[in-house]
Every structure is written in structure tokens, then in C-alpha cells.
Amino acid sequence: MDVAIFRPDALTIARIVRVNHAGEFGAIRIYAAQILVAARLCPDCLPALSEMLGHEREHCAKFRAAMPERNSRPCRVMQFWSLGGWLLGFLTALLGRRGVWACTAAVEAAVHRHLDDQLHFLAARDPELYALILSIREEELAHLHHAEAELPDAGPALVFLKRRIGDVADLLIWLSTWGDSARMARALRERHP
């Protein structure tokens with residue numbers, strides 16, 4: 001039996017790996033749907049979307065590989081990540097390039113917040129997972145910066161869209177971690193006001 005099971009934070013670490021794997025899978029579905037629509041509506045987006053899709057596939061595989069050692073398994077609500085990601089990508093791509101980049105900016109901003117919380121939590125608890133998330137965070141941050149650069153004059157409608165997409169991403173993350181994501185964020189705020 002693996003000794004890591006008895007560590008007090010093992011359950012939270014398993015949930016972190018699970019939600020990150022699910023989130024990357026959701027991102028794969030978002031980008032795949034966006035590429036499908038963008039091929040007709042905004043083909044100039046295709047090179048960046050294809051590159052981001054490649055990153056998300058790599059990230060998903062890395063988190064999947066990290067699961068066994070941490071007694072984790074794929075998320076129980078994976079079908080929500082799959083269907084939700086595909087619908088989100090498809091619908092936002094129908095809005096054209098601004099919809100594509102608003103979606104990317106909103107999702108990546110939510111991901112970035114949660115990865116930062118995870119990094120603070122993992123720093124002294126799981127150095128290997130910490131290093132993995134830190135390396136992935138850099139590419140996710142590049143996706144966020146690219147999307148924001150594509151939306152220099154986001155009006156009220158895009159701001160509203162980004163907020164709602166961010167809310168949905170936060171909700172899925174919360175559901176997939178059974179609230180651990182909110183508890184980690186709250187604990188960090190209390191320690192670092």
C-alpha cells in the first residue's frame with residue numbers, strides 16, 4: 001500500500017490532479033469546437049487555436065500520468081467538462097473571433113487563479129506536482145495574454161460574456177474538487193491578507 005495515502009493532504013492533492021486533468025480535457029473540447037467553426041468564420045484564428053489545442057493535449061496527458069502516484073482518478077463529472085467545453089467552444093466561435101478570444105480569456109483567467117492557489121498549497125506538500133503545474137501555468141498564462149491582446153477594446157457585451165464564462169469555469173472547478181478549490185483560496189486569503 002502506498003504510504004502517500006496516509007498524508008493528511010493526500011485527498012486534496014488527488015482532487016487537484018483530478019480537476020486539472022478534467023479542466024485540460026474541457027479545454028481540448030473548447031479548442032476543438034472553436035477550430036471547427038473558425039475554419040469557416042475566422043480562419044485567421046486557426047494557427048493560434050491549433051497551437052493552444054496542442055498545449056492542452058500535452059497538459060491533459062501529463063495530469064493523467066500524475067494520477068496513479070497520487071491515488072487519483074478521472075473526474076466523475078467528466079461528461080460535463082466534455083459536453084460543456086464543446087458547447088462553449090462552438091457557441092462562442094459562432095460569435096466570431098471576438099467570441100473565441102473572450103472565451104479563451106475568461107477560461108484562462110479562471111484557470112490561472114486556481115493554478116496560483118494550487119501552487120501555494122503544493123509548494124511544501126508535493127514538489128513534483130508543484131513543478132509540473134508551474135511549467136503548465138506558463139503556457140496557460142501565454143494563452144491568456146494572447147487572448148487579451150486580441151481584445152483591446154472589449155465592450156460591455158464581451159465583459160459580460162467573459163464574466164459568465166468565468167463563473168461557469170469556477171463552478172465546474174468547485175464541483176470537481178468538492179469545494180477544495182474554494183477552501184484553498186479562502187485559507188490563502190486569511191494567511192496573506
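- Nearest heavy-atom pair across Ala105 and Glu148 is CB-CG, 4.4 Å.
- Taken from CD1 in Ile136 to CG in Leu119, the straight-line distance is 10.5 Å, to the nearest 0.5 Å.
- Atom CD of Glu108 is separated from atom CD1 of Ile165 by 12.0 Å, given to the nearest 0.5 angstrom.
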Decide yes or no on side chain to side chain contact (heavy atoms under 4.5 Å, CB included) for Glu140 and Glu56, but give the supporting numbers first. CA-CA 9 Å; Glu140 302 291 5; Glu56 304 301 352; 3.0 Å; yes

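- Phe25 and Tyr31 fall into different hydrophobic clusters, where Ile, Leu, Val, Met, Phe, Trp and Tyr side chains are chained together by heavy-atom contacts under 4.5 Å.
- Following chains of ILVMFWY side-chain contacts shorter than 4.5 Å, one can reach Leu46 starting from Val100, so the two form part of one hydrophobic cluster.
- Across all their heavy atoms, Ser72 and Val17 have their closest contact at OG-CB, 4.2 Å.
- Residue pairs meeting the side chain to side chain donor-acceptor pair (under 3.5 Å) criterion with at least one partner in residues 78-93, sequence neighbours excluded, are Arg29-Ser82, Gln34-Thr92, Trp81-Ser176.
- For the pair Val107 and Val168, the minimum side-chain heavy-atom distance is 4.5 Å or more.
- A chain of hydrophobic side-chain contacts below 4.5 Å, direct or via other Ile, Leu, Val, Met, Phe, Trp or Tyr residues, connects Val111 to Leu134.
- Residues Trp101 and His146 are in side-chain contact: their nearest non-hydrogen atoms beyond the backbone lie under 4.5 Å apart.
- Atom-to-atom distance recorded for Arg73:CZ and Met67:CE is 9.0 Å, nearest 0.5 angstrom.
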Does the pair Asp167 and Arg164 meet the rule for a salt bridge (charged side-chain N to carboxylate O under 4.0 Å, His left out), with working shown? CA-CA 5 Å; Asp167 291 344; Arg164 296 303 68 85; 2.9 Å; yes

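- Rounded to the nearest 0.5 angstrom, His112 NE2 and His145 NE2 are separated by 7.0 Å.
- Using a 4.5 Å heavy-atom threshold, the side chains of Glu150 and Arg98 count as separate.
- The side-chain hydrogen bond (donor to acceptor under 3.5 Å, both in side chains) search around Arg57 returns none, not counting sequence neighbours.
- Side-chain contact between Val19 and His114: absent, with no pair of heavy atoms (C-beta onward) separated by less than 4.5 Å.
- Using a 4.5 Å heavy-atom threshold, the side chains of His21 and Met78 count as touching.
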Could you walk me through whether Ile16 and Thr12 pass the side chain to side chain contact (heavy atoms under 4.5 Å, CB included) check? CA-CA 6 Å; Ile16 286 171; Thr12 300; 4.2 Å; yes

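- Remark: Asp44 CG to Arg97 CZ distance equals 4.5 Å, nearest 0.5 Å.
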Decide side chain to side chain contact (heavy atoms under 4.5 Å, CB included) for Glu128 and Glu69; before the verdict, give the C-alpha distance in whole Å, the side-chain angles of both, and the deciding distance to 0.1 Å. CA-CA 11 Å; Glu128 184 182 316; Glu69 184 180 336; 3.7 Å; yes

Which is it for Phe63 and Leu132 under the side chain to side chain contact (heavy atoms under 4.5 Å, CB included) test, yes or no, and what are the steps along the way? CA-CA 8 Å; Phe63 284 124; Leu132 173 63; 4.0 Å; yes

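- The two residues Ala93 and Leu41 make their nearest non-hydrogen contact at O-CD1, 3.6 Å.
- Here CD1 of Ile133 is found 10.5 Å from CG of Asp116. Values are rounded to the nearest 0.5 Å.
- The minimum heavy-atom distance linking Ile28 with Cys60 is given by the pair CD1-CB, 3.8 Å.
- Between Arg70 and Asp9 there is no salt bridge, since no side-chain N of the basic residue sits under 4.0 Å from a carboxylate O of the acidic one.
- No path of Ile, Leu, Val, Met, Phe, Trp and Tyr side chains, each step under 4.5 Å between heavy atoms, connects Leu94 with Ile35, placing them in separate hydrophobic clusters.
- Nearest heavy-atom pair, Ala110 versus Gly166, reported as atom, atom and distance to 0.1 Å: CB-O, 4.4 Å.
- At a threshold of 4.5 Å between side-chain heavy atoms, the hydrophobic network of Ile, Leu, Val, Met, Phe, Trp and Tyr places Leu49 and Leu88 in one connected group.
- Taking the six-membered ring where tryptophan is involved, the planes of His143 and His59 are essentially parallel, since the angle between them stays under 30° and well short of 60°.
- Residues Pro152 and Ala149 approach most closely at CD-O, 3.6 Å, considering heavy atoms.
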